[in-house]
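What's counted below: heavy atoms across the whole structure, side chains too, no hydrogens, waters or symmetry copies. One-based numbering, in listed order, for ligands and for the atoms of each.
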Amino acid sequence: QFTISDEVKEFLNSNHQLLINGEWMPSSSNEKIEVFDPANEQLLTEVDSGNAADIDAAVGAARKALTGEWSKITSHDRARMLDRLADDIEANFSVLSEIEVLDNGMPLELAQYSIASHGTTLLRYFASWANKLHGQTIPVSPAGAINGESLTYTRKEPIGVVGAIIPWNSPLIFSILKLGPALAAGCTIVLKPAELTPISALFLGKLIQKSGIPPGVVNIVTGYGETAGQALSEHPGVDKITFTGSTEVGKKIVEASIGNLKKVTLELGGKNPVVIFPDADLEKAIPGAARACFFLQGQNCMAGTRLFVHEDIYQVVIAGIKEMAEAFTIGHGLIPGNDFGPLISKTQKERVMSYIGIGLEEGAELLTGGNSYGDQGHFVQPTIFSNVDGGMRIAKEEIFGPVLPVVTYENINEALDLINSKDRPLGLYYFGSNKDEQANILNNTSSGGVTINNVVGHIQQKDLPFGGVGPSGIGRYHSYDGFKNFSNQRAVFKDIGFRFDKLFETIRPPYKGSIEKVLKSLLK
Ligand code: NAD
């Protein structure tokens, strides 16, 4: 009971190849990857399965482009090209949203929201940094301020060829999040989308071809992680890998990067806690806790999937989140009114169902959900477990699905123990009005970000650094930090009459004799 637009049908029926050096070309593997709609398991299309040789060709194109026409384009023009790309995404907003729903399963409104709030907005945000990547002048003259003796400064240079590897849970947004800062900083890029959701990146590739960005600056190689992803991480011609995905694969990427010691930034997974204090505004906390877990069916790195509730408000909170969980309308994302989609794949559904089985075996009480849904597609009902012990596997392991374990606590120390009983997460959420308790949590825990009395605050802010700590990630995304880590800082010392005699005057005893002697011998 939904229709696919003619434009999307035409795109799905087209031949999907790899974008290398500005041209669409077939993979040398001659193999294809089938792409399915996770909501009805229908075959959507096939894409090329890129291999190590394709990655090599794409990296070669990106390296050539790095010193070619692209390097001569001013930063203002780079910004203009990114803005133009954002305009083109907006012009194709409905097609791209539809593709995102078919590819990933998310509800249409969510796809539209994410393109608007993260896609084009982020691209324009990074475009606005393009002409602000500058270094500093640092006076090093011996007397501190003797002008005209040396010109000493730092410059920020593009880090080089970037390999970007992204997950399936928000495919278009992750493509944009990687392309935006890399291109704004003057880098070139090879993008490897997730094998389960490669098609929005390919549509984006068509828009990139029209944006004025020179050939070879953006290359897109669809393929499996173990082949194309691994080859990209290992490639000696890649200067930086920017990765979003699981902690397990993040570790493999670090290992693969050792060959040429490329820079690596990792946005990884985790199990983010949500804490509700007894004095919390429950009108905000209950829907907040439900949304934190069930947004994108729990397939979200920032999902709040361990809920710790003070015992005084426990009954009221679980009744409220149960009501919210049961109010979702499950179904295909293109059918208006549906607000809860499928999981990405059969494997993911089986994994989530097995965790539900584990929760039951561990003795947790199933409050709602617990079953798959419908006779086609990878749907799992929003599921809540109550009477959960903080040590149970469902309370500790990342499930990446719509399963919320709720644990009670008696006092703040117990809440702290629960939060700290697990590796440091990407995000930590808490609701409450007691300032001492808020400070206590902030000062005695660690996480990539913190959101207080809200669940969407932190991640939605393009200006705020976003990223993990420890096993939830390395490096920052969004913000100036997320931009500047696509550049290298270089120090320049230009001798324009540097006065070493003045320098000697500034050397104090007891070093004077030896430093002067060494410097004089070096200057001979
Ligand atoms: P994944 O790690 O399995 O795959 C991510 C990407 O890595 C895919 O493109 C895949 O093809 C590729 N890959 C797989 N094996 C590889 C290898 N050996 N070498 C190089 N690349 C390889 O993750 P996923 O299942 O697609 O996504 C779910 C995970 O991503 C969850 O753990 C989630 O928490 C995490 N995630 C984190 C963030 C964040 O911002 N921190 C955002 C979204 C998802």
Side-chain angles (χ1 to χ4, degrees), residues 33 35 38 47 49-52 55 103-104 106 114 118 122 163-178 190-198 200-201 220-235 238 241-259 262 264-272 293 295-305 343-345 347-349 351-352 397-401 423-427 447-449 458-460 464-478 482:
I33 299 175
V35 185
V47 301
S49 178
N51 60 13
I55 288 290
D103 208 9
N104 164 275
M106 66 178 73
S114 62
H118 273 62
L122 262 178
I165 303 176
I166 57 171
W168 43 259
N169 63 342
S170 252
L172 180 64
I173 300 317
F174 282 115
S175 298
I176 293 173
L177 181 62
K178 305 295 184 197
V190 177
L191 173 69
K192 204 240 27 105
E195 51 271 42
L196 289 167
T197 55
S200 55
I220 302 175
V221 178
T222 49
Y224 289 105
E226 304 74 40
T227 48
Q230 183 77 22
L232 188 57
S233 328
E234 284 171 356
H235 202 290
V238 173
I241 291 284
T242 170
F243 170 77
T244 302
S246 59
T247 303
E248 189 194 343
V249 173
K251 288 181 185 170
K252 288 187 187 169
I253 285 177
V254 171
E255 276 172 28
S257 69
I258 285 174
K262 51 177 77 70
V264 175
T265 49
L266 307 171
E267 271 184 284
L268 306 175
K271 186 99 172 163
N272 308 296
C293 177
F295 177 79
L296 262 177
Q297 297 81 250
Q299 304 174 116
N300 165 23
C301 57
M302 285 294 285
T305 47
L343 301 184
I344 191 67
S345 63
T347 313
Q348 189 65 12
K349 177 178 168 184
R351 176 185 150 87
V352 172
E397 294 173 20
E398 185 185 39
I399 300 174
F400 225 54
D423 290 333
R424 289 168 289 169
L426 199 53
S447 62
H458 191 86
I459 186 155
Q460 300 301 335
L464 268 187
F466 171 72
V469 56
S472 54
I474 298 175
R476 288 294 174 266
Y477 295 79
H478 300 178

| field | From CG (Leu177) to NE2 (His478), nearest 0.5 Å | value | 5.0 Å

| field | For Thr244, the ligand 1 atoms whose distance to one of its heavy atoms is below 4.0 Å | value | 5 (C), 37 (C), 38 (C), 39 (C), 40 (O), 42 (C), 43 (C)

| field | Numbering as shown, the atoms of ligand 1 that approach Ala194 to under 4.0 Å (heavy-atom distance) | value | 9 (O)

| said: Show me which atoms of ligand 1 lie under 4.0 Å from any heavy atom of Glu195. | reply: 10 (C), 11 (O)

| message | Could you report the tightest heavy-atom contact between Thr265 and Gly475, atom names first, then the distance? | response | CG2-CA, 4.2 Å

| note | With heavy atoms and a 4.0 Å threshold, my read on which part of Ser246 contacts ligand 1 is both

| task | Pick one of side chain, backbone, both or neither for how Tyr477 approaches ligand 1, counting any non-hydrogen atom pair under 4.0 Å. | result | neither

| query | Which of the atoms in ligand 1, numbered in the order shown and given with their element, are less than 4.0 Å from a heavy-atom of Leu426? | reply | 39 (C), 41 (N)

| Aromatic plane relationship, Trp168 with Phe400 - under 30° parallel, 30 to 60° tilted, over 60° perpendicular | perpendicular

| task | Can you see which heavy atom on Val47 is nearest to which on Pro198, and at what distance? | result | CG2-CG, 3.7 Å

| Which atoms from ligand 1 have a heavy atom of Ser233 less than 4.0 Å away? | 20 (C)

| Which pair of heavy atoms, one from Ile166 and one from Ser175, lies closest together, and at what distance? | CD1-OG, 3.4 Å

| Heteroatom distance test (Gly245, ligand 1): nitrogen or oxygen, under 3.5 angstrom | yes

| Protein heavy-atom partner closest to atom 20 (C) of ligand 1 - residue, atom, separation in Å | Gly229 C, 3.2 Å

| message | Please confirm whether Gly468 approaches ligand 1 to less than 4.0 Å, judged on its heavy atoms. | response | no

| field | Nearest protein heavy atom with distance in Å, relative to atom 28 (C) of ligand 1 | value | Phe400 CE2, 3.4 Å

| request: Under the side-chain contact (heavy atoms from CB on, under 4.5 Å) rule, what do Val190 and His235 come out as? Steps first, then yes or no, please. | output: CA-CA 11 Å; Val190 177; His235 202 290; over 6 Å; no

| task | Return the option from Glu255, Gln230, Lys271 holding the heavy atom at the smallest distance from atom 18 (N) of ligand 1. | result | Gln230

| request: Only heavy atoms count here, so choose which of Cys301, Gly250, Pro167 is nearest to atom 38 (C) of ligand 1. | output: Cys301

| said: I need the minimum non-hydrogen distance between Ile220 and Ala201, along with the two atoms involved. | reply: CD1-O, 3.4 Å

| request: Report the C-alpha distance between Gln230 and Tyr224 in whole Å, list the side-chain angles of each, state the deciding distance to 0.1 Å, and finish with yes or no for side-chain contact (heavy atoms from CB on, under 4.5 Å). | output: CA-CA 9 Å; Gln230 183 77 22; Tyr224 289 105; over 6 Å; no

| note | To the nearest 0.5 Å, atom CG of Asn169 lies from atom CG of Asn300 at 6.5 Å

| request: Return yes or no for this condition: an N or O of Thr247 is under 3.5 Å from an N or O of ligand 1. | output: no

| Top protein contact for atom 8 (C) of ligand 1, by heavy-atom distance | Ile166 O, 3.3 Å

| task | Output the distance between atom CZ (Arg351) and atom CD (Glu397), rounded to the nearest 0.5 Å. | result | 8.0 Å

| query | What are the two closest non-hydrogen atoms of Tyr477 and Phe243, and how far apart are they? | reply | OH-O, 3.4 Å

| field | Within-cut-off N or O pair, Glu267 and ligand 1, under 3.5 Å | value | yes

| message | How long is the straight-line distance from OG1 of Thr222 back to CG of Leu191, given to the nearest 0.5 Å? | response | 10.0 Å

| note | The answer for which part of Glu398 has a heavy atom under 4.0 Å from ligand 1 is side chain

| query | At what distance, to the nearest 0.5 angstrom, does CD of Glu255 lie from CD of Glu234? | reply | 10.0 Å

| message | With a heavy-atom distance limit of 4.0 Å, tell me whether Lys252 approaches ligand 1 through its side chain, its backbone, both, or neither. | response | side chain

| query | Does the protein put a heavy atom less than 4.0 Å from atom 4 (O) of ligand 1? | reply | no

| task | Quick one: look up the protein heavy atom nearest atom 41 (N) of ligand 1 and list residue, atom name and how far away it is. | result | Leu268 O, 2.6 Å

| message | I need the contact type for Asn300 against ligand 1. Using non-hydrogen atoms and a strict under-4.0 Å cut-off, is it side chain, backbone, both or neither? | response | neither

| query | What protein heavy atom sits nearest atom 12 (C) of ligand 1, and how far off is it? | reply | Ile165 CG2, 3.6 Å

| said: Please determine whether side-chain contact (heavy atoms from CB on, under 4.5 Å) holds for the pair Ile399 and Thr305, giving the CA-CA distance in whole Å, both sets of side-chain angles, and the decisive distance to 0.1 Å. | reply: CA-CA 8 Å; Ile399 300 174; Thr305 47; over 6 Å; no

| request: Please say whether Trp168 places an N or O atom under 3.5 Å from an N or O atom belonging to ligand 1. | output: yes

| Looking at atom 17 (C) of ligand 1, what's its closest protein heavy atom, distance included? | Gly225 O, 3.4 Å

| field | Residue, atom name and distance, where the atom is the protein heavy atom closest to atom 44 (C) of ligand 1 | value | Asn169 ND2, 3.4 Å

| request: Take Val264 and Ile474 through the test side-chain contact (heavy atoms from CB on, under 4.5 Å) and record every step on the way to the result. | output: CA-CA 8 Å; Val264 175; Ile474 298 175; 5.7 Å; no

